[in-house]
Number of protein chains: 2
Amino acid sequence: MLIINKKGIILSHIKLLKNHELKATPQRLCILDTLDECGHATLEDIQKIISKKFPTLSLSTIYRNLNDMINQEIVSEVKLANKKDYFEIKKEKHVHLVCKKCGKIEDFKIKTDDLSKKIEELTGDKVLDDTITFDVICKDCLSPK
Amino acid sequence: MLIINKKGIILSHIKLLKNHELKATPQRLCILDTLDECGHATLEDIQKIISKKFPTLSLSTIYRNLNDMINQEIVSEVKLANKKDYFEIKKEKHVHLVCKKCGKIEDFKIKTDDLSKKIEELTGDKVLDDTITFDVICKDCLSPK
DNA sequence: CTATATGCAAATAGTTTGCACGGAT
DNA sequence: ATCCGTGCAAACTATTTGCATATAG
């Protein structure tokens, strides 16, 4: 659920920035709103959408802020084979489902512990984290209405 | 096992190229040998190593050939969070284990069908493929000799 | 008020392309 | 003789940086 104030600003984003030692500037809020709107957005997407909402927001500000927010772990970069890099607001751990037909990228929450455990048993390594993407044909593309 | 001829060329690479409609030029063979040597190499790695073995091999040739070999599916690009892109010679399906301590990247063969099946059951999507990376502390870093 | 963020322009880095030459079939 | 690959330079794209000004807290 999103709480939005009179100016159309998503309040939780202000908190999010402040909790991570970043000032809640209109530019940063605009970038976060854009990411929220898109779910996953490339730099190009962000640039295009923002230029409408906020025409003076410069490209270097987008770069600088994405990097800052990545460093503060508010935002994460999603790298997919044969695609440009995407950005998303960091949220609960999830895997990505990329439809090879329509291109849609979906998040899906699922436990991956079984696989990590198997890796640990078989290799002797300690698993810290995983990054998992499935190429799929999504439900909608399988049986269009 | 690698079969190497008198000139130090890995014979299987010649076949590999010819089977994919690419001429077996010294430049391409050199790039493949370098990838073999490294397992996983960034463009920078490739450039550095190649400039010793083959000083006249130009950067545009590296780019052009990597792209050609990716298109022919001889080589694949490995995208890892917070790292430059790596290239590897395409081989049996595997996951990547990236040690967060020493940086080493290892391939590991493991069945991932259970997870794909669960995704299919829970989402209704058809899973075609998966790309999986584990961040780990590798065995060697866990208990150095 | 002060430190930080922004916009702009310039600098740097990364990648692709055009073209003339050279080598393999 | 023809085709394809290469090297080099130039073009193009992507990203970062320096600096003067503006703004959040």
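Here is the naming used below: chain letters follow the sequence lines, and residue numbers restart at 1 for every chain. Just so it is clear, the model here is predicted, and its values are computed rather than measured. Values below: every heavy atom of this structure, side chains too, minus hydrogens, waters and symmetry copies.
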Trainee: If hydrophobic clusters are built from ILVMFWY residues whose side chains come within less than 4.5 Å, do B:V98 and A:V95 share one?
Mentor: no
Trainee: Taking atom types as modelled, is there a side-chain donor on A:E106 or A:H40 under 3.5 Å from an acceptor on the other?
Mentor: no
Trainee: Would a single hydrophobic cluster contain both A:I132 and B:V78, if residues Ile, Leu, Val, Met, Phe, Trp and Tyr are joined by side-chain heavy-atom contacts under 4.5 Å?
Mentor: no
Trainee: Could you tell me how far apart B:F87 (CZ) and C:dG14 (P) are, to the nearest whole angstrom?
Mentor: 13 Å
Trainee: Between A:S58 and B:L43, who's closer to the 5' end of DNA chain C by nearest nucleotide?
Mentor: A:S58
Trainee: Between D:dA24 and A:T25, is there an OP1 or OP2 to side-chain N/O distance shorter than 4.0 Å?
Mentor: no
Trainee: Specify the separation, in whole Å, of atom NE2 of B:H20 and atom P of D:dG5.
Mentor: 15 Å
Trainee: Under 3.5 Å, is there an N or O donor on one side and an acceptor on the other linking the side chain of A:S60 and the base of C:dC8?
Mentor: yes
Trainee: Is the shortest side-chain N/O distance from A:T61 to OP1 or OP2 of C:dT6 below 4.0 Å?
Mentor: no
Trainee: Is a donor from one side chain sitting under 3.5 angstrom from an acceptor on the other, for A:T42 and A:D45?
Mentor: yes
Trainee: Measuring to OP1 and OP2 of D:dT23, would you say a side-chain N or O of A:Q27 lies under 4.0 angstrom away?
Mentor: no
Trainee: Nearest-Å distance, CG (B:L57) to C1' (D:dG7)?
Mentor: 10 Å
Trainee: Quick one: label A:R28 by what it contacts on the DNA or RNA (base, sugar-phosphate, nothing), any heavy atom closer than 4.0 Å.
Mentor: sugar-phosphate
Trainee: Roughly, in whole Å, what's the span from CG in B:L59 to P in C:dT16?
Mentor: 10 Å
Trainee: Would you say B:N67 places a side-chain N or O within less than 4.0 Å of OP1 or OP2 belonging to C:dT15?
Mentor: no
Trainee: Just N and O in the side chain of A:Y63: are any of them under 4.0 Å from OP1 or OP2 of D:dT16?
Mentor: no
Trainee: Checking B:S58 now: which residues fulfil side-chain hydrogen bond (donor to acceptor under 3.5 Å, both in side chains) with it, not counting sequence neighbours?
Mentor: B:S60, B:T61
Trainee: How long is the line joining CZ of B:R64 and C1' of D:dG7, in whole Å?
Mentor: 8 Å
Trainee: Can you measure B:Q47 atom CD to C:dG14 atom P for me and round it to whole angstrom units?
Mentor: 9 Å
Trainee: Between C:dT6 atom P and A:I50 atom CD1, what is the distance in whole Å?
Mentor: 11 Å
Trainee: Give the nucleotide from the list D:dT16, C:dT15, D:dG25 with an atom nearest to the side chain of A:A24.
Mentor: D:dG25
Trainee: Nearest whole angstrom, please: distance from the P of D:dG5 to the CG of B:L22.
Mentor: 7 Å
Trainee: Reckon B:K23 touches a base, only the sugar-phosphate, or nothing at all at heavy-atom distances under 4.0 Å?
Mentor: sugar-phosphate
